[in-house]
There are 2 protein chains.
Amino acid sequence: MSELEARVLPEATLARLTQYLRALNALEAQGLERTSSGVLAKEAGVNPSILRKDLSWLGSYGTRGVGYVVRELAEHISRTLGLNQDWKVAILGAGNLGRALSGYAGFTSRGFNVKAILDVDPALIGEPVGALRVEPISELATVVAREEINIAVLAVPGDAAQDLVDSLADLSVRSVLSFAPKPLKVPTGMNLRRVDLSTELQILAYLAVQG
Amino acid sequence: MSELEARVLPEATLARLTQYLRALNALEAQGLERTSSGVLAKEAGVNPSILRKDLSWLGSYGTRGVGYVVRELAEHISRTLGLNQDWKVAILGAGNLGRALSGYAGFTSRGFNVKAILDVDPALIGEPVGALRVEPISELATVVAREEINIAVLAVPGDAAQDLVDSLADLSVRSVLSFAPKPLKVPTGMNLRRVDLSTELQILAYLAVQG
DNA sequence: CCGTGTGAACTACTTCACAGCC
DNA sequence: GGCTGTGAAGTAGTTCACACGG
């Protein structure tokens with residue numbers, strides 16, 4: 001393949017683009033067809049400068065002196081983020097958190113489909129979770145192949161997480177969202193994002209003491 | 001001399017300190033009494049330089065040529081983060097996510113006690129969740145006072161979140177962890193952190209398309 | 001005129017490299 | 001000798017301010 005220049009979006013821009021997308025949807029729901037960086041930035045909770053700078057990474061989609069066409073801009077951001085395609089998600093770990101995530105609205109919307117939920121615990125295997133049934137984690141390879149999983153969500157204890165990441169890497173699952181409270185090593189080419197709930201609470205504790 | 005006496009830890013440092021704390025606990029569990037920035041940094045998944053720089057914000061607690069005393073450093077970080085005191089957490093929203101969070105191990109450890117779970121839905125009120133029962137959100141003020149709540153976790157739909165933040169502010173709850181997929185306005189003096197699960201998935205989708 | 005798009009200035013954070021001390 | 005602690009250098013991200021074009 002011909003090498004395109006590695007023009008990857010900065011991490012921070014990427015995170016905000018998802019917020020603009022939601023903000024645009026909110027504006028569209030209000031019946032607005034056009035908007036400006038000021039209005040959109042307010043809705044997304046950022047300042048207008050950074051919004052315009054972020055959008056400049058995608059090219060020029062506004063009109064000077066006027067603003068942006070809501071639907072057009074939303075469509076463009078969606079395409080850039082890869083949300084025009086279908087994402088098939090497997091949840092690893094059918095404990096409280098895993099089960100809650102499988103039904104979470106944010107996970108089932110916008111092209112993300114939870115296709116499977118797996119666990120090691122024999123007591124959980126076969127149990128219904130929404131429209132799915134818990135499958136044994138020993139069948140991971142089979143499930144990933146059958147459902148064409150491309151995103152995995154790790155809702156397992158810290159000790160189990162690294163082994164699963166390694167297995168997923170072998171199965172060419174290249175995107176993982178981990179809730180395990182441990183740093184994980186990932187092979188190059190795999191994308192990992194962590195959500196660490198107890199870290200968030202600890203940060204709040206510090207801020208509360210400060211303030 | 002700087003104008004302000006109280007120099008606050010950088011946000012990024014703060015987040016890593018919580019990781020060092022976990023890493024130190026892991027080392028202590030292995031029976032180690034002393035460690036070095038190299039070992040600790042590896043366990044925490046960061047590089048040694050930034051670790052030493054982070055610790056320098058807390059003052060000098062290592063010994064040149066030797067390293068750090070595990071328990072001493074852990075104790076010091078804990079104190080800095082305000083983890084020597086008791087934190088009383090209320091969970092707002094008793095849906096799948098709220099119920100899962102109330103039992104989440106990371107939430108119940110290290111001084112964080114889930115004292116109450118509340119919801120608007122009459123069908124849920126009175127239902128048992130672990131050792132608690134769901135209480136009506138109309139009783140928020142009473143519950144906050146009774147349990148001396150100082151941290152609230154928002155696990156409600158986006159539309160309800162802002163009103164709850166405002167109510168919490170009136171009740172002097174100064175720290176909020178929100179799972180609502182919306183930017184929220186907070187009064188000065190209130191600390192808000194957001195965990196946005198669908199944003200995380202969207203970022204992964206983009207990264208997967210890129211790679 | 002008005003709001004976008006963007007270089008330039010600024011701020012925050014990370015890494016380097018080595019002086020300082022045990 | 002070896003590892004900490006820290007200025008200095010480097011990098012990433014944000015805000016400013018204004019030229020540009022509908």
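Letters A, B, ... are given to chains in the order of the sequence lines, protein chains preceding strands, and every chain is numbered from 1. Not measured: the values here are computed from a predicted model.
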Participant: CG of A:Leu55 versus P of D:dT14: gap in Å, rounded?
Facilitator: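 Distance check: A:Leu55 CG to D:dT14 P gives 14 Å.
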Participant: Have B:Thr13 and B:Asp54 got a donor and an acceptor in their side chains that come within less than 3.5 Å?
Facilitator: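 Present: a donor and an acceptor within the cut-off.
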Participant: Just how far, in rounded Å, is P of C:dG3 from CG of A:Leu73?
Facilitator: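 Distance check: A:Leu73 CG to C:dG3 P gives 17 Å.
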Participant: B:Ala116 and B:Val143: which non-hydrogen atoms are nearest, and at how many Å?
Facilitator: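 Scanning both residues completely, I find the closest heavy atoms to be CB-CG1, 3.5 Å.
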Participant: Taking the side chain of A:Ile50 as its heavy atoms from C-beta onward, which of D:dT14, C:dC13, C:dG5 lies nearest to it?
Facilitator: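 Of D:dT14, C:dC13, C:dG5, D:dT14 is nearest to the side chain of A:Ile50.
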Participant: What is the distance, rounded to the nearest whole Å, between atom OH of B:Tyr61 and atom P of C:dC22?
Facilitator: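 After rounding, the reported distance stands at 17 Å.
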Participant: Give the minimum heavy-atom separation between B:Asp119 and B:Gly95, together with the two atoms involved.
Facilitator: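 Reported closest heavy-atom pair: OD2-N, 3.8 Å.
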Participant: Could you tell me if A:Arg22 and A:Gln19 have a donor-acceptor pair between their side chains, going purely by distance under 3.5 Å?
Facilitator: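 Short answer, yes.
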Participant: Ignoring the backbone of B:Arg64, work out which of D:dG21, C:dT6, D:dC3 is nearest its side chain.
Facilitator: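 Closest nucleotide to the B:Arg64 side chain: D:dC3.
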Participant: Return the value, rounded to whole Å, for the distance between atom OH of B:Tyr20 and atom C1' of D:dT4.
Facilitator: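 Distance check: B:Tyr20 OH to D:dT4 C1' gives 14 Å.
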Participant: Going by heavy atoms in the side chains, are A:Leu83 and A:Phe112 under 4.5 Å from each other?
Facilitator: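 Touching, per the 4.5 Å side-chain cut-off.
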Participant: Contact list please: residues 21-46 of chain B against DNA chain C, heavy atoms, distance less than 4.0 Å, in numerical order.
Facilitator: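 Nothing qualifies; none.
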Participant: CH2 of A:Trp57 versus P of D:dA12: gap in Å, rounded?
Facilitator: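 Roughly 10 Å, once rounded to whole Å.
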Participant: If the threshold is 4.0 Å, N to carboxylate O, is there a salt bridge linking A:Asp166 and A:Lys185?
Facilitator: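 A salt bridge is absent here (no side-chain N lies under 4.0 Å from a carboxylate O).
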Participant: Polar atom pairs between nucleotides 16-18 of chain D and protein, under 3.5 Å, N or O only, would you list them?
Facilitator:
none

Participant: Given that B:Tyr68 and A:Glu11 both sit by DNA chain D, which one's nearest nucleotide is further toward the 5' end?
Facilitator: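 The residue closer to the strand's 5' end, by nearest nucleotide, is B:Tyr68.
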Participant: Which whole-number value in Å describes the distance from A:Asp54 CG to C:dT4 P?
Facilitator: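 The answer, rounded to whole Å, is 14 Å.
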Participant: Closest heavy-atom contact between B:Asn150 and B:Lys88?
Facilitator: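 In terms of heavy atoms, the two residues are closest at OD1-N, 2.7 Å.
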Participant: Between B:Arg52 and B:Tyr68, is any pair of side-chain heavy atoms under 4.5 Å apart?
Facilitator: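 Answer yes - side chains close enough.
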Participant: Can you name the closest pair of heavy atoms from A:Ala155 and A:Leu101 and give their distance?
Facilitator: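 It is CB-CD1, 4.4 Å.
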Participant: Of the nucleotides D:dT14, C:dT15, C:dG5, which has the atom closest to the A:Arg16 side chain?
Facilitator: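 Closest nucleotide to the A:Arg16 side chain: D:dT14.
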